[in-house]
Protein chains: 2
Amino acid sequence: MNQIEAPRPRFAQIADILRDRIRRGVHAPGSPLPSEPELSREFDVSRVTINRAVGVLRSEGLVQVRRGRGAFVRSVPVITRVATRRHGARDAGRGAYDVELRRLGLDPSWTASVERVPASEQTAELLNVEVGCELVVRRRRYFANELPVQIADTYLSSELAEKAGVTEENTGPGGTYSRLADVGRGPVHFTEDVTCRGATSGEARFLEIEPNQPVFEILFVASDKENRPVAVTRHVMPGHQWRLRYDWTDEPEGQTE
Amino acid sequence: MNQIEAPRPRFAQIADILRDRIRRGVHAPGSPLPSEPELSREFDVSRVTINRAVGVLRSEGLVQVRRGRGAFVRSVPVITRVATRRHGARDAGRGAYDVELRRLGLDPSWTASVERVPASEQTAELLNVEVGCELVVRRRRYFANELPVQIADTYLSSELAEKAGVTEENTGPGGTYSRLADVGRGPVHFTEDVTCRGATSGEARFLEIEPNQPVFEILFVASDKENRPVAVTRHVMPGHQWRLRYDWTDEPEGQTE
DNA sequence: TCTTATTTGTTCGTATGTATT
DNA sequence: GAATACATACGAACAAATAAG
C-alpha cells in the first residue's frame, strides 16, 4: 500500500485553483468567472474539462451558472437556525429568522399563502388522518436579500384549521400555534427529523440551486398534550447555507421524570 | 417564458431508469450493475454518457463503484440518531446506537483509540484554550455490519483529561461524562451545530463514499454548570444514511424562566 | 511473476443544441 | 440575425485497478 497521493485529475485540480481564487477574493461575489474558452486557454485543457471543473463548484454551491451568460460567484452567508429547547418551539420560527438575518446584515423577507390539498401518504401518516383527506397547507417562502433560502409548508387537517380559524393568510398574534392553543389543541410535544438529500428539480428551481445539490429537509411534527399530532411542517433549505443549532440544559438528576 | 419542460439530458434519463431498477430490486443490494459497455449498447449511447449517469447514482450513495470491478448496489439502511432532550445528552451516544442498529437488524460495532494532538484553531476556540496547546482526543469509529457509518472525535484539554482520568481507552462505567462529573466538571449545557458539506478525501476514504458526497457534520459542545466548555465532539456521517431526530416537550408557560 | 482481458476513470477534438445579449 | 456562453453527446484514446490464467 502506497501513501503517495495519486495524481489528481485535471478537472479536480482546476476546481481547487478556482475555489481558492474565489476564497481569496480574486473573483468577488456576484462577479463572473472567466468564460470557459478563456479558462480553457489559460489551463491549456479542453473546454469539456473546464465545464467539469466548474460543475464541481456548482455542486458545492460556490457559483451559479446561467447559460448564455456565465458562471457567477455566489455570496453564501451561512444562516444559523437556532432551536433552543428551553424557550419553546417558536424560537426556530419567523421572529428568530428576522433577528438572525439582520445580525448578518441581510434583509429578511417572506411570502405566505394558504391552499387546500389532499393528504399525501407521508403527511397522512404523520397527522394520523386518511390518505387523500383534505388538508389546509400554509406555504411560506423565505428570502435573504431577495435570494430564496427556505421553503416551509405547514399542513393541518381542514377540520382543525377551521376550528382554530387559521384558514386565512393572517393568523393573528402568536401565529398558528396560538390559535391552536385557543381551542385547547396547543402543541406541547415536538419532533424534528433532519435529513440531507439532493434537491428535486422543483426545489432547485425555486431555491436557485442545482438539482441534486444537497438540501436539508426538516420534518417538524407538533402534537398536543394528549399526544395527537396537530400540525406538520416540512422545511427545505440549501444545505450549504444553513447551520442548524440545537442547545439545551440537562435537568438535575432528581427531576428527570 | 415557456412552461414546457425542456427534454431531459440522456445521462439524467438513464440515471432515472437505473435508479428505478435498483428501487424495484432488478439489481439487488450487493450485486453489480451491468458493465458500462453493456449499458452503452443497451441504451445506444456512448460509454461516457453511461459513466456520467452512474456518476449521478454514486453521488446519491446508491451505488459504490470500484475501478476494475464494477458498480455495486449499496444497501443503505437509514439510521436514526435520536437526541431526546428530556433524557439527557447520552441518549445520542453509544448505547442508543446499539439499540437503533439492532432494531434495523444490523450488527453494531466500533473502535476507539486515544491520542494527543495540538489544538486546531476551531477546537481551541470552542474549548476556550490556546491554539496549539495539547489536547487529548478520543477517536471512535462506528460500523454497521462491518460498513463504516460514522466518525466521532472527542477533544478535551490534556489537563482536564488527566484530572478526570480519561486518558486511556477504557473510561469506565458511564463514560467520559461520568468521569468529568466525578471531578465536579460534569457537563450540563449542550450545544449541537449541524451542517451539511462535501466529504473531504480522507473522510470519503474511511466512510467508503465519494469525495464531495454530502455528509452531516455535527459539532457537539458540552459545558459544565459554570458554562465552561469541557469537551467538544465532532461527528461526521454520510448524509444519505442518517436521520437526525430531535424531540422535546415544552414546559408549561409559568415555569419558563 | 508476468501477461492478458475486463472494467472503470479521464481527457481530447469535434459537433450540435439552447439561452442570452 | 449574429455573436457569445454554457450543456450535452459522440468516438477515440490512454491510464489505472482488478481478476484470471
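Per chain, numbering begins at 1; letters A, B, ... match sequence-line order.
- Residue pairs meeting the salt bridge (Lys or Arg N to Asp or Glu O under 4.0 Å) criterion with at least one member in residues 108-120 of chain A, sequence neighbours excluded: A/E115-A/R139, A/R116-A/E134, A/R116-A/E162.
- The CD-P distance, from A/Q64 to C/dT20, rounds to 12 Å in whole Å.
- Distance CZ (B/F72) to P (C/dT6): 17 Å, rounded to an integer number of Å.
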Show me the donor-acceptor pairs, under 3.5 Å and distance only, between side chains in residues 143-150 of chain A and residues at least two apart or in other chains.
from, atom 1, to, atom 2, distance (Å)
A/N145, OD1, A/D107, N, 2.7
A/Q150, OE1, A/H235, ND1, 2.6

For residues 48-57 of chain A, dump all side-chain donor-acceptor pairs below 3.5 Å to protein atoms at least two apart in sequence or in another chain.
from, atom 1, to, atom 2, distance (Å)
A/T49, OG1, A/S46, OG, 3.4
A/N51, ND2, A/E36, OE2, 3.0

- Task: For nucleotides 6-11 of chain D, just jot down a letter per nucleotide in 5' to 3' order: B, S or -, based on protein non-hydrogen atoms under 4.0 Å.
- Result: BBBBBB

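- With sequence neighbours left out, B/R74 forms a side chain to side chain donor-acceptor pair (under 3.5 Å) with no residue at all.
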Got a list of side-chain donor-acceptor pairs under 3.5 Å for residues 60-73 of chain A, not counting sequence neighbours?
from, atom 1, to, atom 2, distance (Å)
A/E60, OE1, A/R19, NE, 3.0
A/E60, OE2, A/R19, NH2, 2.9
A/E60, OE2, B/N212, ND2, 3.3

